Amino acid sequence: MSDIMRPIGFEHLIRWSLEEYRKEGSIFGLDKDKFYVNQSGSRFKTPFGESIASAIGPAAGPHSQLAQNILVSYLAGARFIELKTVQKMDGEEIRHAVAKPCINAEDECYNCEWSTELTVEEAFDEYVKAWVAIQVLAPELGLSDGKDFAYNMSVGYDLEGIRLPKMDAFIEGLKDASASPAFTESIAFLKGHLQ
């Protein structure tokens with residue numbers, strides 16, 4: 001297995017999910033019997049006013065970098081998803097700065113990982129693809145209306161870095177991704193494959 005995260009395209013994400021679901025009754029290895037459905041119908045309000053179906057979700061980590069991992073988190077019940085931190089140092093630069101494995105669990109666990117090893121732009125695309133996939137697959141699978149989860153954006157590590165144009169574009173883009181190529185291409189694929 002490679003130690004480098006490799007995003008997959010939205011079309012591949014959807015086709016893989018639906019094909020595995022039809023053939024195996026699972027998506028990315030998570031059996032459909034483990035998919036979370038909010039039986040009570042109750043919702044929680046986040047401090048920002050979103051209505052979510054459960055108050056659990058993954059903290060930012062390697063598991064919240066790729067669209068397929070975010071999707072599986074949702075399927076398993078995560079409804080407050082903290083996205084992997086992005087910062088000015090990204091891509092190749094950060095891959096060379098952090099030794100792997102970045103989690104040492106010989107007797108106590110220490111995580112020396114900083115932020116996503118994707119570029120800021122790749123991370124943005126992954127988060128948008130996952131959001132669109134959840135919006136489509138949750139209703140398709142009968143889990144929810146797809147509007148029962150929230151992202152928690154994580155940016156770092158200092159004010160100077162957060163003020164950089166690429167970081168500002170990331171923050172503003174996640175607030176409204178509707179004009180981004182990741183969003184428009186995902187929607188175009190879905191419209192072209194309606195059944």
Side-chain angles (χ1 to χ4, degrees), residues 1-40 43-44 46 50-86 100-103 105 109 111 113 115-154 170 174 177 180 182-183 185-187 189-190 193:
M1 176 178 5
S2 174
D3 69 341
I4 297 175
M5 302 254 173
R6 290 188 169 78
I8 61 175
F10 182 78
E11 177 179 351
H12 190 185
L13 175 72
I14 296 298
R15 289 188 188 280
W16 185 337
S17 297
L18 293 175
E19 184 175 327
E20 182 182 333
Y21 185 77
R22 282 192 290 272
K23 288 182 179 177
E24 308 289 332
S26 61
I27 295 180
F28 294 107
L30 182 67
D31 190 271
K32 65 182 179 181
D33 294 337
K34 304 290 184 192
F35 291 0
Y36 172 78
V37 177
N38 180 5
Q39 299 292 342
S40 73
R43 299 233 177 160
F44 301 89
T46 71
E50 291 99 348
S51 179
I52 59 176
S54 76
I56 64 164
H63 50 276
S64 63
Q65 289 185 81
L66 298 176
Q68 58 267 36
N69 294 350
I70 296 167
L71 172 60
V72 171
S73 293
Y74 176 87
L75 295 173
R79 296 299 186 267
F80 192 72
I81 301 167
E82 184 179 21
L83 303 171
K84 184 66 176 158
T85 306
V86 298
K100 296 227 178 153
C102 62
I103 298 174
C109 290
N111 183 354
E113 179 183 52
S115 56
T116 185
E117 61 190 64
L118 302 174
T119 65
V120 170
E121 294 80 11
E122 289 171 329
F124 175 85
D125 289 351
E126 288 301 290
Y127 304 156
V128 171
K129 289 186 300 187
W131 188 88
V132 173
I134 292 168
Q135 296 294 315
V136 171
L137 291 174
E140 181 71 21
L141 300 172
L143 304 177
S144 78
D145 62 4
K147 300 179 185 344
D148 63 342
F149 74 102
Y151 277 170
N152 181 16
M153 187 186 317
S154 179
F170 175 85
L174 273 190
S180 72
F183 183 85
E185 290 167 13
S186 298
I187 298 301
F189 169 75
L190 293 170
H193 293 85

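In this text, all values refer to a predicted model and were calculated from it rather than measured experimentally. All residue numbers refer to positions in the sequence shown, counting from 1.
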Problem set entry | Flag, side chain of Ser54 to backbone of Gly77, donor-acceptor distance under 3.5 Å | yes
Problem set entry | Leu143 vs Asn38 side-chain heavy atoms within contact, under 4.5 Å | no
Exercise. Can you tell if the side chain of Val37 reaches within under 4.5 Å of the side chain of Ser144, non-hydrogen atoms only?
Worked result: no
Exercise. Would you call the rings of Phe35 and Tyr21 parallel, tilted or perpendicular, where under 30° means parallel and over 60° means perpendicular?
Worked result: parallel
Exercise. Between the side chain of Glu126 and the main-chain N/O of Pro7, is any donor-acceptor distance below 3.5 Å?
Worked result: no
For this session: Could you tell me whether the side chain of Arg79 and the main chain of Ile56 form a donor-acceptor pair under 3.5 Å?
Result: no
Exercise. With a 3.5 Å cut-off and no angle check, do the side chains of Ser154 and Asn152 form a donor-acceptor pair?
Worked result: no
Problem set entry | Point-to-point distance, once rounded to the nearest 0.5 Å, from CD1 of Ile70 to CG of Leu83 | 5.5 Å
For this session: Please name the pair of heavy atoms, one in Ala138 and one in Tyr74, separated by the smallest distance, quoted to 0.1 Å.
Result: CB-OH, 3.5 Å
Exercise. Between Phe149 and Gln135, what is the shortest heavy-atom contact and its length?
Worked result: CE2-NE2, 3.3 Å
Problem set entry | Inter-residue atom distance Phe183.CZ - Phe124.CZ, 0.5 Å rounding | 10.0 Å
Exercise. How long is the span from the CD atom in Gln65 to the CG atom in Leu118, to the nearest 0.5 Å?
Worked result: 5.0 Å
For this session: Please confirm whether the backbone N or O of Gly29 pairs with a side-chain atom of Glu20, one donor and one acceptor, at under 3.5 Å?
Result: yes
Problem set entry | Atom pair CG (Asp125) and CD (Glu185), whose distance is rounded to the nearest 0.5 Å | 8.0 Å
Problem set entry | From CA spacing to verdict: side chain to side chain contact (heavy atoms under 4.5 Å, CB included), Met153, Phe170 | CA-CA 10 Å; Met153 187 186 317; Phe170 175 85; 3.8 Å; yes
Exercise. Of Leu13, Leu66, Leu75, which is the lone residue that meets side-chain contact (heavy atoms from CB on, under 4.5 Å) with Phe28?
Worked result: Leu13
Problem set entry | Separation between OG1 of Thr46 and CZ of Phe80, rounded to the nearest 0.5 Å | 6.0 Å
For this session: Please state whether the rings of Phe10 and Phe189 are parallel, tilted or perpendicular, taking 30° and 60° as the class boundaries.
Result: perpendicular
Exercise. Charged N to carboxylate O below 4.0 Å: is that the case for Glu19 and Arg22?
Worked result: no
Problem set entry | Heavy-atom closest pair, residues Ala59 and Glu82 | CA-OE1, 3.3 Å
Exercise. Pick one: which of Leu137, Val136, Leu141 meets side-chain contact (heavy atoms from CB on, under 4.5 Å) with Ser17?
Worked result: Leu137
Seminar exercise, completed: In this structure, CG of Asp145 is separated from NZ of Lys147 (nearest 0.5 Å) by 6.5 Å
For this session: Taking all heavy atoms of Val72 and all of Ile27, pick out the closest pair and write down the distance.
Result: CG2-O, 3.9 Å
Problem set entry | Short side-chain donor-acceptor distance under 3.5 Å, Ser64 and Tyr151 | no
